[in-house]
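For ligands, and for the atoms within them, numbers begin at 1 and follow the listed sequence.
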Amino acid sequence: MSMKWTVYRDYAAMSRAAAAVIAVQVRAKAASVLGLATGSTPIGTYQELVRMHREDGLDFSLVNTYNLDEYLGLPPDNPQSYSHFMWHHLFGQINIDPERVHIPSGQPEDVNRACRDYDRAIEAAGGIDLQLLGIGRNGHIGFNEPDFYLRTETHLVALTEDTIAANARFFSRPEEVPRSAITMGVGTIMKARHILLLASGADKADVVARMIEGPVTTEVPASILQMHPQVTVLLDEAAAGILMEDERRRRREDQA
Ligand code: F6R
């Protein structure tokens, strides 16, 4: 099964297209279940959804959301928490019902139970209609990092030393930097009926090509999306650089 991908001129155009896909979903089913992501990639999409809410009356009042991940140990009001990110960039600016917002708790009493409950809640809500994803430069989706195996269900992950070091700049003291996180597993993600993956910038070009054209391997967790029946990949030109080059080469070879 080959993954369909579409290239946009730049980040803004890609973000508008992503928001349009989400808006189609929400208009078709007012009580849609959306899986959402944090990171720099979806910020433009969220801005466009906020605009659509304000100017076009896009209604989120019945929408249910489940976020991919959260740092362990951070309360929701910590500015580095993914909960804070979501309220800042999206939830605080649209008419979503706070009761319908779900983000893994960064401070669960019992981590395993909280993970199990998260997957059960998604199932009880009828499953995810549309899952928004970014992709890490190493091919991770959520916090499912390259490894010898992938976990299917929502679970606790120890962050790599690289990730911890990269995050340190956001915290005033080293001991505040989270060392683990809770993430949906790849099974939870793969159960979504439609997956919308976004990638922007030249530093994603290599991993985007490996995700789409390479073998399905746990070394590139996003490559498992090749096995999903409905994935929409939206890219800006920089992120699609290697794919487009490969396509040009194939065309030249066909003509030769
Ligand atoms: C975010 C998440 C991550 C990011 C990925 C890309 O909730 O789970 O997998 O999608 O790290 O991050 P950015 O968009 O910052 O490049």
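Here Ile135 has backbone heavy atoms under 4.0 Å from ligand 1, and that is the only part of it that gets that close. Contacts between Leu68 and ligand 1, counted as non-hydrogen atom pairs separated by less than 4.0 Å, involve the side chain only.
Here the protein heavy atom with the shortest distance to atom 1 (C) of ligand 1 is Thr38 OG1, 3.2 Å. In terms of protein heavy atoms, atom 3 (C) of ligand 1 is closest to Gly142 O, 3.7 Å.
The closest approach between any non-hydrogen atom of Arg137 and ligand 1 is not below 4.0 Å.
Among residue pairs with one or both ends in residues 140-161, those qualifying as salt bridge (charged side-chain N to carboxylate O under 4.0 Å, His left out) are Arg151-Glu153, Glu161-Arg179; sequence neighbours excluded.
Classification of Asp246 and Arg249 as a salt-bridged pair holds, one side-chain N sitting under 4.0 Å from a carboxylate O. Between Glu123 and Arg120 there is no salt bridge, since no side-chain nitrogen of the basic residue lies less than 4.0 Å from a carboxylate oxygen of the acidic one.
Close approach to Thr41 involves these atoms of ligand 1, each under 4.0 Å from a residue heavy atom: 13 (P), 14 (O), 16 (O). The ligand atoms of ligand 1 that sit less than 4.0 angstrom from a heavy atom of Gly39 are 14 (O), 15 (O). Near Ser40, meaning under 4.0 Å from any of its heavy atoms, are these atoms of ligand 1: 13 (P), 14 (O), 15 (O), 16 (O). Within ligand 1, counting atoms from 1 as listed, the ones closer than 4.0 Å to a heavy atom of Gly134 are 10 (O).
Of the N and O atoms on the side chains of His194 and Thr232, at least one donor lies less than 3.5 Å from an acceptor on the other residue. No side-chain N or O of Gln131 forms a donor-acceptor pair with one of Arg193 less than 3.5 Å apart. A side-chain donor from one of Tyr71 and Asn167 sits under 3.5 Å from a side-chain acceptor of the other.
The option with the heavy atom closest to atom 5 (C) of ligand 1, from among Lys204, His140, Met184, is His140.
When only interatomic distances are considered, the shortest N/O to N/O separation between Asp69 and ligand 1 falls below 3.5 Å.
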Just list the side-chain donor-acceptor pairs under 3.5 Å for residues 24-39, sequence neighbours left out, or say none.
from, atom 1, to, atom 2, distance (Å)
Gln25, NE2, Ser32, OG, 2.8
Lys29, NZ, Asp129, OD1, 3.1
Lys29, NZ, Asp129, OD2, 2.8
Ser32, OG, Gln25, O, 3.1
Ser32, OG, Lys29, O, 2.6

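Ring centroid separation for the pair Phe60 and Phe91 does not come in under the 6.0 Å cut-off.
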